[in-house]
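Each remark here refers to the structure printed beneath this line.
Order of the sequence lines fixes the chain letters, A, B, ..., with proteins taken first and strands second; residue numbering starts at 1 for each chain.
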Amino acid sequence: MSHARADLVDRPIDPATLLAEVASPARGAICSFVGTVRDQHGGRAVTGLQYDCYQAMAERELALIVAEARDRFGEPALAVEHRVGTLMVGDVAVAIAAAHARRANAIGAMQYVIEELKKRLPIWKLEHYADGTREWVGGSSAMSEAAGAAA
Amino acid sequence: MSHARADLVDRPIDPATLLAEVASPARGAICSFVGTVRDQHGGRAVTGLQYDCYQAMAERELALIVAEARDRFGEPALAVEHRVGTLMVGDVAVAIAAAHARRANAIGAMQYVIEELKKRLPIWKLEHYADGTREWVGGSSAMSEAAGAAA
Amino acid sequence: MNAPLPVTALLFASYAESFGASSIEVCLSRGASVADLVSAIRSMPGAERLPPRPMVAVNQRYASYEQILHPGDEVAVIPPVAGG
Amino acid sequence: MNAPLPVTALLFASYAESFGASSIEVCLSRGASVADLVSAIRSMPGAERLPPRPMVAVNQRYASYEQILHPGDEVAVIPPVAGG
């Protein structure tokens, strides 16, 4: 049984720790994805952000996504951390590390986790802009459109 | 102009260095691939290996692959190191880090580099087995088959 | 079927700001569906900025609008997510 | 067209072991192609373990069998690669 871990954390994320966690002599292919806070969004200068989440559901959904990825990609070792709370530009928001004997499985699992996490994880981002304003990303603009695919 | 580096190295590879090298506040998506020496191959216990290479061509081909990846995937920042010489089980043989504002570009570039590198880089692997024997991987078995697609 | 079904719906992020609260109380009837819950919420003050069909989670899983609610269900209205 | 074209072909890994050398000298004629080089090498002692159509690089790039060789070209016979 290979290693699997998925956590929401409110402290800085160190991608090297996740890489070390999934590595083993039996798994020669290790891949990672790291998402950091960008300095701009939609042409506006970003200074930082705040992640709010529905914690119990986010933890459950994250565990589900990891279990699905392990099921689909031959039980790779997987470690995932998503940060919540207040972040500055350049801070790591999410890190995923996947390892398997075959590189297609490691890369496939990593991609599955990041894509599903972006679609399903109940986490919201309040961006802080250089002009002093703040806005829920995805929130206000998506709210004015029909969310027909929601259910 | 974003960062790009590709090297053959005869010392240990530290993936965290490559990740740090491509990261920037403008590039929020960073991905990496790390290949390590596995403890078995084809059912035989491996104790280590030796990479031989056609150095001038390998450096040229690696630079070419990186240039192609940058051209195809919107100029991601890229850092690649491939080790040569003697390696033990668990040692890093290759590390690739790619960063871009969009995750599809970072992941695409990383995948392009590892796939092309495996097909084209003139590097050969002499595996050392627990029973004391050694064998050029790909060499002896492929040599008995027609290499029709070679040219 | 007319027995009352009180539901507390959790709110987050932009939805919590719209309603000025982290949850709202809705009184439905036994047999009510997620669609009935959304109709009730959309008629409340603060709902002007809600989309026509917001996502809803029941017991921490995304629910279809046909799903029937039961006493004790944990219900949440989920704004467009923005993790990663 | 019968002027001699001496070529030194670099050998690596399993091919170097087969020939017991890191390069071999082959004497071709002006206008010779990569295919001619491979034919000449395959007739030499040590070539028994070479595949019918080994990969060849000319001036550090993979070459087609039709490519014509010129004086001063850096030529190498490339075993199946195994990097990564």
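Across all non-hydrogen atoms, the minimal contact from B:Val137 to D:Ala82 is O-CB, 3.7 Å.
The CH2 atom of B:Trp136 lies 12.5 Å from the OH atom of D:Tyr15; values are rounded to the nearest 0.5 Å.
Neither the backbone nor the side chain of B:Ile96 comes within contact range of chain D; no heavy atoms are under 4.5 Å apart. Only the side chain of D:Glu17 comes within less than 4.5 Å of a heavy atom of chain B; its backbone N, CA, C and O stay farther away. With a 4.5 Å cut-off on non-hydrogen atoms, B:Arg120 touches chain D through its backbone and its side chain both.
Across B:Glu59, B:Lys125, B:Lys118, the residue that shares the most heavy-atom pairs under 4.5 angstrom with chain D is B:Lys118.
The local environment of CE in D:Met44 is crowded, with over 12 non-hydrogen atoms from other residues, nucleotides or ligands closer than 6.0 Å. Within 6.0 Å of atom CZ in B:Arg102, 12 or fewer heavy atoms from other residues, nucleotides or ligands are found, so the atom counts as exposed in its surroundings. Atom NE2 of B:His128 is surrounded by more than 12 heavy atoms from other residues, nucleotides or ligands within 6.0 Å.
Side-chain atoms of B:His82 never come within 3.5 Å of backbone atoms of D:Gly83 as a donor-acceptor pair (strictly under, hydrogens ignored).
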Could you give me the CA-CA distance, side-chain angles and deciding distance for B:Met57 and D:Arg61, then say whether side-chain contact (heavy atoms from CB on, under 4.5 Å) is met?
CA-CA 7 Å; B:Met57 181 175 169; D:Arg61 305 201 70 152; 5.7 Å; no
Please test D:Glu74 against B:Tyr54 for side-chain contact (heavy atoms from CB on, under 4.5 Å), starting from the C-alpha separation and ending with a verdict.
CA-CA 12 Å; D:Glu74 180 175 314; B:Tyr54 177 8; 2.4 Å; yes
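Using a 4.5 Å cut-off on side-chain heavy atoms (C-beta onward), D:Ile78 and B:Trp124 make contact.
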